[in-house]
Amino acid sequence: MNFQRTFFLFFLLVIAEIVAAKHVTKYFEFNVQYQNVTRLCHTKSMLTINGQYPGPTIAVNEGDHVVIKVTNHVEYNMTIHWHGIRQMRTGWADGPAYITQCPIQKGHSYTYKFKVFQQVGSLFWHAHISWQRATIHGAFNIYPKKEYPYPFPKPDAEAQILFGEWWNDDVETIVAEATKYGGGPNVSDAYTINGQPGLLFPCSSKDVFVQHVDHGKRYLFRIVNAALNDELFFAIANHSFTVVEIDATYTKPYKTEFILIAPGQTMSVLVMADQPKGRYVMAARPYVTSDVPFDNTTTTAILEYTDLKSSESHESSHPIFMPKLPKMRDFLLATEFSTSLRSLNSREFPSWVPLKIDTHLLFTIALNLQDCPKGKICKGYFGGRFSASVNNQSFVHPHIALLQAAYHNISGVFSPDFPNRPPHQFNYTDLKLNLNMNPHFSTRVSVIPYNANVQLILQDTSMMGTENHPIHIHGFNFFVVGQGFGNYDPLKDPSCFNLVDPPMRNTIGVPSGGWAVLRFKADNPGVWFMHCHLEVHTSWGLAMAFMVENGPTALESIRRPPSDLPPC
Ligand code: C2O
């Protein structure tokens with residue numbers, strides 16, 4: 001590169017920084033601290049941000065610079081991930097532990113800085129280390145710029161719905177047990193809506209979230225599934241939803257009586273408060289596709305119209321309306337919902353679906369069982385240890401963050417040879433399959449050239465049983481151009497792809513015993529984690545990382561690491 005060009009690029013960079021400095025900056029402080037919280041008559045001291053459970057809501061506008069100073073006051077290591085934020089060139093602020101940063105240790109701070117770039121809608125943030133996100137999570141709402149108002153009728157008001165899970169015991173102890181014995185961790189004691197289990201649990205009469213609404217108004221419900229291990233159906237009695245946005249991308253309005261939302265997914269729906277004044281139950285319960293133990297309870301909250309006459313508002317005397325939820329194993333309704341969503345693809349919000357593919361990837365997803373090491377006790381099926389893998393690679397977290405290792409050329413941390421295709425081919429979804437491959441335990445990354453158009457086929461397998469896996473990719477939104485059951489057929493299935501207005505997401509529920517085809521442009525240099533957003537599966541190794549190379553110029557390359565990046 002000659003001197004003039006370097007100088008010119010430097011000049012551009014300075015201009016870009018000056019322009020950037022003019023933007024609005026929103027500043028937040030997050031303190032990781034203990035707080036006593038009581039649910040289901042159990043009080044426990046648990047990890048929170050600023051003592052809040054769920055944590056504080058971040059509200060910003062598209063185009064804002066966001067600065068969040070996180071200070072860790074507890075003995076557990078911590079990182080925070082801004083789930084769904086693209087982090088264009090700012091991978092250092094993404095947050096997954098040992099992928100883009102080493103953890104923030106006790107007594108230390110790290111300031112996450114990034115710009116919200118061409119994204120509007122409902123996202124969330126959560127701890128991204130061990131299972132800390134069980135209690136450390138909150139909403140991340142992005143409002144549109146004035147020049148680009150919502151492409152749907154303006155809501156009169158908003159409501160926030162965060163699903164979570166509550167364990168009476170300390171979550172870290174549960175994970176430590178599960179890791180030691182290689183078993184499945186305890187299922188939670190309750191699902192929650194905004195931190196509250198609801199009416200159907202014993203000893204929880206006070207643990208109920210109530211959303212007040214005014215008759216005749218239109219509400220935007222911002223819905224987040226921050227539960228660790230289950231997809232959920234959600235409905236409100238007598239009220240329907242119009243889905244208008246998923247994972248901070250606009251959709252064609254889709255009217256429905258219920259939604260299905262996987263851990264890691266978010267959405268905005270419009271709800272008209274047009275029913276007779278009263279109290280209506282909002283309820284969520286899991287969509288289950290496996291035989292592993294799960295929490296089968298229903299969590300509830302109340303939608304209550306304001307100005308109920310005193311006779312109506314007296315809880316015991318007036319009727320409460322219950323919603324109809326799909327059955328827990330209703331995969332037909334689940335499929336109908338997820339295949340009905342379409343991206344908006346309007347003139348203002350076009351869908352640029354990659355049509356010419358440069359990088360073809362086929363990844364199998366599997367749960368595995370390993371033999372128990374001699375002299376150890378194991379609590380997986382048949383006395384083995386559970387693990388999980390992508391293309392038969394079970395991800396091992398390194399001790400130095402991958403992004404740091406890549407940026408500073410530190411060798412021995414990862415190898416750049418993650419297989420682009422399954423190392424062994426078999427009938428992936430054969431239910432009679434009696435095959436358990438021992439996965440390869442490794443830290444391998446898949447290297448993607450800058451700006452490549454990537455097609456990624458995610459193929460579930462029936463090893464240890466099929467299951468619906470919500471696969472999340474950091475740093476990108478992807479189009480879901482097709483999905484189906486059985487094995488993906490490269491000859492037949494492409495003819496059914498939607499290349500016009502496929503839904504765009506950051507987390508896809510890959511159908512149980514089926515496949516999904518994703519497309520994205522690798523326009524964001526850095527190291528990006530991909531994993532199952534069922535925390536138990538990530539712990540077992542159902543994860544990998546992409547390494548997207550820098551582009552030809554400084555403006556197409558990852559920025560320098562911030563000076564306060566936690567040391568490893
Ligand atoms: Cu919401 Cu890697 O996570």
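Positions are given from 1 along the sequence. Remember, it's 1-based here, ligands and their atoms both numbered in the order they're listed.
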- Message: Among the N/O/S atoms of His126, which is closest to atom 1 (Cu) of ligand 1? Give the atom name.
- Response: NE2
- Query: Quick one: does Thr443's side chain have a donor or acceptor within less than 3.5 Å of a partner on Val396's backbone?
  - Reply: yes
- Which word best sums up how the rings of Trp528 and Phe476 line up, parallel for under 30°, tilted for 30 to 60°, or perpendicular for over 60°? perpendicular
- Message: List the residues meeting ring pair (Phe, Tyr, Trp, His ring centres under 6.0 Å) with Tyr98, not counting sequence neighbours, and say none if there are none.
- Response: none
- Query: How are the rings of Phe140 and Trp82 set to each other: parallel, tilted or perpendicular (split at 30° and 60°)?
  - Reply: perpendicular
- Message: With 2.8 Å as the limit, count the protein N, O or S atoms near atom 2 (Cu) of ligand 1.
- Response: 3
- Hey, is Asp564 close enough to Lys69 for a salt bridge, meaning N to O under 4.0 Å? no
- Query: Within the distance-only criterion (no hydrogens, no angle test), does the side chain of Asn31 pair as donor or acceptor with the backbone N or O of Asn50 below 3.5 angstrom?
  - Reply: no
